[in-house]
Amino acid sequence: MGARFEELAWRETPIGAISLRRRRDPALQVEVYEVKLDDEYLMSSLFPVAEIELARLGLAELTGDVLDVVVGGLGLGYTACTALADPRVGSLLVVEAVEDVIDWHRRGLLPFAAGLADDPRTRFARADFFAAVAADGGFDAESPGRRFDAVLLDVDHSPRNVLHPSHAPFYTPDGLRRLAALLRPEGVFALWSDDPPDDEFVAALSEVFATARAQVVPFANPLTGGQSANTVYVARR
C-alpha cells in the first residue's frame, strides 16, 4: 500500500498486541490514525466526538476554579487534550497501563494531540487504572490517597464489554465506591461507552453517587454516511 498505510508502533502487552497505524483514506482524503488491540479496533481519529464530550460533560458539572483531574486511558489523547483546554484545570494526571501509548505522545506521533505531553499541567502515570482504584494508595504514587475533582475514564468498550476480566469488578457498586473515595466532595466521575445506555449500570452508579445519568452522544459516521452514537455516563458525589 506504500504511503497509504504505515504502522507507527507495535508492542505485545499482557492484554494483547497493541498497535498504532496511520493510513490515508482515499474516499475522505484525510489521514486516519487507528489503535488496535490484536485484531480489534480500539479507537480511530475519525470518531473523536464522544471522547471529547467525555471531558466536556464531566468538567461541566464542576464549579471550582482550580481543578485536579485524572484521565484513565490515554489513547489518541482527545479526552486529555479537551480537559487541558478548560482553563480551570490546574493539574492533569493521565493513568495509562501501556508505556508505549505514553511514548506515542512524547514522540509526537499524533499531530492533533500536539502539546499534551509538554503541557506543564500534565503528568503521566504508567499504571493499571483498575488496580490503582482497588489499591490503598490510589492514582498518584507521589501522593498516596490524593483526591481529585474529576476522573474521566475511557478504557473498556463498555461496563459489560471489558478488555480484560480483571476490569469487571470496577463496574459494581463496591468498585465504584472505591473510586468515589478518590474524589473530593461533589467530585465527578465520567465514563465513555461504545454501547447504548445501560440501566443496570446507571442503577449501580446511583447506589454510590448523589446523581447519575447516561447521555447519548451522536456523531456523523463518514464511513456509513449516517449517524452513530456512543454513551457518556456522568455521576457526581
Side-chain angles (χ1 to χ4, degrees), residues 42-43 49-64 67-75 78-80 82-83 86 88-89 92-97 127-140 145-219 228-237:
L42 292 185
M43 57 194 69
V49 174
E51 286 87 347
I52 292 168
E53 287 302 302
L54 172 62
R56 289 180 177 166
L57 292 169
L59 298 182
E61 294 286 317
L62 297 166
T63 58
L67 304 177
D68 296 320
V69 177
V70 168
V71 167
L74 175 55
Y78 286 106
T79 300
T82 304
D86 189 321
R88 300 174 300 158
V89 173
L92 179 70
L93 181 64
V94 181
V95 181
E96 170 57 53
D128 182 322
F129 176 93
F130 304 96
V133 172
D136 292 333
F139 298 118
D140 192 346
R146 180 184 175 193
R147 295 199 291 173
F148 296 85
D149 297 291
V151 173
L152 314 173
L153 178 60
D154 178 5
V155 173
D156 293 315
H157 295 300
S158 75
R160 294 183 183 274
N161 187 4
V162 297
L163 296 181
H164 192 274
S166 64
H167 299 180
F170 171 80
Y171 299 101
T172 67
D174 285 345
L176 295 169
R177 285 188 188 94
R178 296 190 71 90
L179 182 280
L182 298 172
L183 291 170
R184 292 179 177 140
E186 299 188 349
V188 169
F189 169 56
L191 170 72
W192 176 92
S193 172
D194 193 36
D195 288 347
D198 184 327
D199 290 341
E200 288 188 22
F201 183 63
V202 173
L205 287 169
S206 298
E207 282 191 38
V208 177
F209 293 89
T211 64
R213 75 178 194 276
Q215 182 159 333
V216 175
V217 178
F219 55 89
S228 296
N230 295 148
T231 301
V232 173
Y233 297 92
V234 182
R236 186 171 181 174
R237 286 193 65 188

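Starting from 1, each residue takes its place in the sequence as its number.
Between Arg147 and Asp68, no side-chain nitrogen of the basic residue sits less than 4.0 Å from a carboxylate oxygen of the acidic one, so the salt-bridge criterion is not met. Between Asp198 and Arg160 there is a salt bridge, since at least one side-chain N of the basic residue sits less than 4.0 Å from a carboxylate O of the acidic one. Salt bridge status for Arg237 with Glu61: absent, with no side-chain N to carboxylate O gap under 4.0 Å.
One distance of note links CG of Leu92 with CG of Asp86; it measures 11.0 Å at 0.5 Å rounding. Rounded to the nearest 0.5 Å, atoms CD (Glu186) and OG1 (Thr211) are 9.5 Å apart. From His157, atom NE2 reaches atom CH2 of Trp192 across 7.5 Å, with rounding to the nearest 0.5 Å. Interatomic distance, CD of Gln215 versus CG of Asn230, reported as 12.0 Å (0.5 Å rounding). Separating the CG atom in Leu191 from the CG atom in Leu205 is a distance of 8.0 Å, to the nearest 0.5 Å. Atoms CZ and CZ, on Phe148 and Arg184 in that order, are 8.0 Å from each other to the nearest 0.5 Å.
By the ring-ring contact (aromatic ring centres under 6.0 Å, His included) test, Phe130 is found to be paired with His167, Phe170, residues two or more places apart in sequence or in another chain being considered.
Across every non-hydrogen atom of Gly58 and Ala190, the tightest pair is CA-CB, 4.1 Å. Of all heavy-atom pairs between Ala83 and Ala55, the closest is N-CB, 3.9 Å. When all heavy atoms are compared, the tightest approach of Leu182 to Gly138 is CD2-CA, 3.9 Å. Ala180 and Val208 get closest at one heavy-atom pair: CB-CG1, 3.8 Å. The heavy-atom pair separating Val216 from Pro197 by the smallest distance is CG2-CG, 3.6 Å. The heavy-atom pair separating Val188 from Arg236 by the smallest distance is CG2-CG, 4.1 Å.
The side-chain heavy atoms of Glu51 and Leu54, taken from C-beta on, include no pair separated by under 4.5 Å. The side-chain heavy atoms of Arg178 and Asp136, taken from C-beta on, include a pair separated by under 4.5 Å. Residues Val71 and Leu93 have side chains not in contact (no heavy-atom distance under 4.5 Å, counting atoms from C-beta outward). Annotation: side chain of Leu163 is in contact with side chain of Leu42 (closest heavy-atom distance under 4.5 Å). Side-chain contact between Val217 and Val49 is present, with heavy atoms from C-beta onward closer than 4.5 Å. Residues Thr79 and Ile52 are not in side-chain contact: their nearest non-hydrogen atoms beyond the backbone lie 4.5 Å or more apart.
Under the 3.5 Å distance criterion, the side-chain polar atoms of Ser158 are left unmatched by any main-chain donor or acceptor of Asp195. Of the possible donor and acceptor atoms, none in the side chain of Ser228 sits under 3.5 Å from a partner among the backbone N and O of Phe219.
Side-chain atoms of Tyr171 and Asp156 include a donor-acceptor pair closer than 3.5 Å.
The six-membered or imidazole ring of Phe139 lies near that of Phe129, with a centre-to-centre distance under 6.0 Å.
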Problem set entry | Derivation of the side chain to side chain contact (heavy atoms under 4.5 Å, CB included) call for Leu176 and Phe201 | CA-CA 10 Å; Leu176 295 169; Phe201 183 63; 4.1 Å; yes
Problem set entry | Working for side chain to side chain contact (heavy atoms under 4.5 Å, CB included), residues Val69 and Leu59 | CA-CA 9 Å; Val69 177; Leu59 298 182; 3.9 Å; yes
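For CG of Asn161, the number of neighbouring non-hydrogen atoms (other residues, nucleotides, ligands) closer than 6.0 Å is greater than 12.
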